[in-house]
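One structure is given below, encoded as structure tokens.
Quick note on labels: first sequence line is chain A, next is B, and so on, each numbered from 1.
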Protein chains: 2
Amino acid sequence: MKIIDKIKKHKEENGATTPFYSFEYFPPKTMEGVQNLYDRLGRMLLLEPLFVDITWGAGGSTSELTLEIADTAQNICGLETMMHLTCTNMQVSQIDFALAKAKESGVRNILALRGDPPRGEEWKKIEGGFAHASDLVRYIRQHYGDYFGIAVAGYPEGHSDATSLEDDLQHLKTKVDMGADLIITQLFYDVDMFVEFVGKCRAIGINVPIIPGIMPIHTYAGFKRMTTLSKTVVPQHILDALEPIKDNDEEVKKYGVNLCIEMCKQMVAAGVDGLHFYTLNLERSVRKVLKGLEMIRPDQLHRYLPWAQCASTNRLKEEVRPIFWKNRPRSYISRTGSWDEFPNGRWGDYRSPAFGDLSDYHLSSHQFDPNATSATNVYGDVQSRQDVYEVFANYCKGDKVKKLPWNDLPLSVESEAIKEQLVFLNSHGFLTINSQPAVNGVPSTDKTHGWGGKNGYVYQKAYIELFASPENMHLLIEIFKKCPSITFHALNRKGDSHTNTKGTNAVTWGIFPGKEVVQPTVVDHSSFLVWKDEAFALWQSRWSSLYDENSTSRKVLDEMIDNYYLINVVDNNFVNGNIFQPFIDLVNGNMSPQA
Amino acid sequence: MKIIDKIKKHKEENGATTPFYSFEYFPPKTMEGVQNLYDRLGRMLLLEPLFVDITWGAGGSTSELTLEIADTAQNICGLETMMHLTCTNMQVSQIDFALAKAKESGVRNILALRGDPPRGEEWKKIEGGFAHASDLVRYIRQHYGDYFGIAVAGYPEGHSDATSLEDDLQHLKTKVDMGADLIITQLFYDVDMFVEFVGKCRAIGINVPIIPGIMPIHTYAGFKRMTTLSKTVVPQHILDALEPIKDNDEEVKKYGVNLCIEMCKQMVAAGVDGLHFYTLNLERSVRKVLKGLEMIRPDQLHRYLPWAQCASTNRLKEEVRPIFWKNRPRSYISRTGSWDEFPNGRWGDYRSPAFGDLSDYHLSSHQFDPNATSATNVYGDVQSRQDVYEVFANYCKGDKVKKLPWNDLPLSVESEAIKEQLVFLNSHGFLTINSQPAVNGVPSTDKTHGWGGKNGYVYQKAYIELFASPENMHLLIEIFKKCPSITFHALNRKGDSHTNTKGTNAVTWGIFPGKEVVQPTVVDHSSFLVWKDEAFALWQSRWSSLYDENSTSRKVLDEMIDNYYLINVVDNNFVNGNIFQPFIDLVNGNMSPQA
């Protein structure tokens, strides 16, 4: 949805005097930073910003990452996303590529900028590029019609390159006349100047919303550097207040938050439509400011569903997903991207769940992980099945092994509760790649398991998904025969199948006031068949194939990949079952697992 | 479904050596007897008989009641039903009427009989009627093609009117040749004779299934009368065994059950497809026989859903109903009879829930209730609102008032648990007509609340539906504002509406192994609007309009009907809520209810 339309909707729903807020982020420099940003996006999503905004980075150096983060924010995190696009060092063809990519990701909003020059240089137009943001705006409108919402930057103190403030206002008007429908201002600390700026804009016929850009002061040094660089006017009272506390980081932060709250209050009183926060990829100060402004509702801090919804229009009705892709939402979204209808609350109803083909895209290691190409770095060398077991066990311990081919992240908070049991299983050759503990009706606001808003209760059936040798698989099935509450499905790479169940099993559900039962996660046969191919392929492409072709490690792994079964296990007794008991019985009994 | 097809399916699913069983009932003579039979059908349904069989009654005297019971068994109880039809005193037009009615009810099976003569008379064909069962069979096949499964009676000892056993066998062959696809035998106590009879049938080319008709001995007197009347041969060893215990009813019953078990075992060994029990409208002996034969599975004693499903083919997929018609399933089924699709697990999905018009049929008192036309007999005279309150309260007490216009039955077992609170509410002018207590995850085999089979857990949100004066309705709404877990919807006769909720609320649900969540009962706005009309109309047609037009009783009631609100209240906190608290607060506080 275009931001200008979201603003209209926000006003209709909340009244004209309740401004929205939005957050800006920049592409981090390391893989770890990117992952942290994704986690942060997931948390800040709960604050329900109207949109988030991803910067392009000076000179386009981080352009690919910007595209990926924008895609993730829009589709994995479910945030309405605006992507920056600058003219600096960009050919028209590069701009076209970026716009096409954004469109492909369902991103509907572009912040069109001229961009800063590379550090220490003067800004100059490149051959076959644009000289002004207004040219970029015009180009987008000409070639993409109404598809994109276009925001442009406003400079309350005038752009540093502008000959005069009046001249700069005319530039801004040109940008709007070319098709921009929203203005976001550069950061400032003088609210009066901003209010004056808005007045001047209105006076010359700029009628689109003007959203103030706000940066809470985090550290004294950072504040000084930022305001010097951007030549931002800092009112004397701020300098005076900072002077005595400048060496006390906590005090500076606290002052920064309070200052920001005061500034925001003045701007809300002046009637702004929204508040745009330059977060610097940090969340605490912004959260405190919003809290101070009483803009966060208590029920706003909970997930809507146990998985993050996509913001794409065609997926807004998605209500249920199979559990198998829990740790690979990006792959799931890609493989179901062509669906024109989502299972409408009943998995069984979806008539043609034809998953897209498995491609290199789904199987390759994360492109920003410098270690991804060396298996030894990530997993060590493995000389035997037992060595492989240890890799899995160490991952569960959070020790030595930081990721597995099926999980881009360390063990989730939710799985912490069953960590010990998982280590036990993996050490004994039951190689888990997905799990959730049973939850018997905790409040829907529970910090670990909650989702769906307040006054509800949420439930889960315990789930484990694991690889096991054929011998262990058969022993397990024998034990499962004595467990009336266990349902399972085992498949090897070829598709040999063993199961004691049919139909679709809801493994996560919630009961809420005035609603039907919500059951967002299921275990079903048809998508398990699809997932099985992906799971085995990942083992190979992201692990075994990274070793030398003739290495022992590769042989050990490939033999396992060819023979092992992928097994999903649900303990349907969510009240007092123990999904680990059959495994413990198997290991402790005389039926010891086969290596 | 035709019984012959159900037999085939039963064999496929259970193997050829596991016989089915079926139950025969006769139309009782009193309204109370009919109600008892319905209750019994509801209980015996859990034994999963392949079908039930309703007799026509000698001379067609109970024909209308047979049609009604068959309709109820098929559609309300969800039992595959066979209806007897005899030639005795029946014009072809009457036979056509009965067959048309059966077809309309979705009854697919007819037991075609000549029928007994009126007591003390010789059997004779009437003008424009049929002389033989075979004529009736031929007629049904000619005029109804393959729609009906047709069973006929077999006489292992020969029919009393037959000239010889061979002659009688030829008659039976004619009936089969005319189109009968199933034979059910007259009662007998000599198994060898039955086995011989089957052999003779096969020898002359009768190849349809032959099902033995079995009547456990209940009392000595009844046994003697029955066998004398039907000239049934009783082996000497049975007479010898009964002689010393004939005055001890308990001993006779016990012997009857054991004899029956032995007979059945012999017949099962001889390879019968099924066992047909003449129940005499009793259930205990048959249940004991089946238990003795180890034919009842433990999981067979539970309801499939909290309401009885229809056996009609087009309703087999019905998975959810609004709670409003809980005490009037017959009306609900009638008013939704034209639906070609049932809400498929998600009430909201049903696109056109156009309920059939409210007709006299839905509003008239039960046709077999002799007291129904005198309001004074049923409810007494009411001189004030307070008198009306007392009628409702007395109904909840199970005292004086045995039924209300909205409930054909006394308070359900389930509501016993909240009886005291209901009496309190009704005495204070909150006139409840439907309710269920909260249930927080009891095993699905729970005797009171269980449904859906074993290894599951079932839940309910507390529900009350009541009439209240406008004053009380407004006071309630004020109190509800302080109860975050309460959702409600109030409507008066005109349709003035007050509510704090939208959408559909699942108020009964169950969690079962390997399945999606089952949510068979909902509270929703659109069907509440439909039910409201019925609820107010019932108050008038079944209560106020039964008083004299100028009586005080009628005036008091009509004034209430015109002004009161019908309110549905759900306490969404099924874990530790108390739906009665707001009412108690209202009554005990200074906001005392207005009379």
Side-chain angles (χ1 to χ4, degrees), chain A residues 298-299 319-320 343-349 438 440-444 453-461 483-489 499-525 568-577, chain B residues 299 319-320 343-349 438 440-444 453-461 480 483-489 499-525 568-577:
Chain A
D299 66 324
E319 288 173 351
V320 55
N344 57 355
R346 289 179 51 73
W347 191 251
D349 261 16
N440 182 18
V442 302
S444 55
K454 60 183 177 176
N455 289 331
Y457 290 91
V458 299
Y459 296 80
Q460 290 179 183
K461 291 178 179 174
C483 310
S485 67
I486 296 277
T487 49
F488 70 90
H489 190 187
T499 184
N500 68 346
T501 181
K502 49 186 176 180
T504 298
N505 196 350
V507 293
T508 303
W509 65 100
I511 312 296
F512 297 93
K515 283 190 184 172
E516 290 185 88
V517 178
V518 188
Q519 42 179 22
T521 318
V522 296
V523 169
D524 75 302
H525 286 281
N568 74 51
V569 183
V570 178
D571 184 351
N572 291 277
N573 184 351
F574 58 98
V575 175
N576 48 26
Chain B
D299 66 323
E319 286 175 351
V320 55
N344 57 355
R346 289 180 49 74
W347 191 252
D349 262 16
N440 182 18
V442 301
S444 55
K454 59 183 179 176
N455 290 331
Y457 290 91
V458 298
Y459 296 79
Q460 291 179 182
K461 291 178 179 173
F480 286 160
C483 310
S485 67
I486 296 277
T487 49
F488 70 90
H489 190 188
T499 184
N500 69 346
T501 180
K502 49 187 175 179
T504 298
N505 195 349
V507 293
T508 303
W509 66 99
I511 312 296
F512 298 92
K515 284 191 186 172
E516 289 186 88
V517 178
V518 188
Q519 41 179 24
T521 318
V522 297
V523 169
D524 74 304
H525 287 282
N568 74 50
V569 183
V570 178
D571 184 351
N572 291 278
N573 185 351
F574 57 97
V575 175
N576 48 26

Minimal non-hydrogen separation, A/Ala506 against B/Val517, with atom names: CB-N, 4.0 Å

Ring centers of B/Tyr459, A/Tyr457 separated by less than 6.0 Å: no

Interatomic distance, B/Lys515 atom NZ to A/Thr504 atom OG1 [nearest 0.5 angstrom]: 12.0 Å

Between OG1 on residue A/Thr487 and CG on residue B/Asn455, distance to nearest 0.5 Å: 11.0 Å

Per-residue contact mode, B/Lys461 against chain A (heavy atom under 4.5 angstrom): side chain

B/Ser485 portion near chain A, given a 4.5 angstrom heavy-atom threshold: neither

Most chain A-contacting option - heavy-atom pairs closer than 4.5 Å, from B/Asn572, B/Asn505, B/Asp571: B/Asn505

Choice from B/Ile486, B/Ile511, B/Asn440 maximising heavy atom contacts with chain A below 4.5 Å: B/Ile511

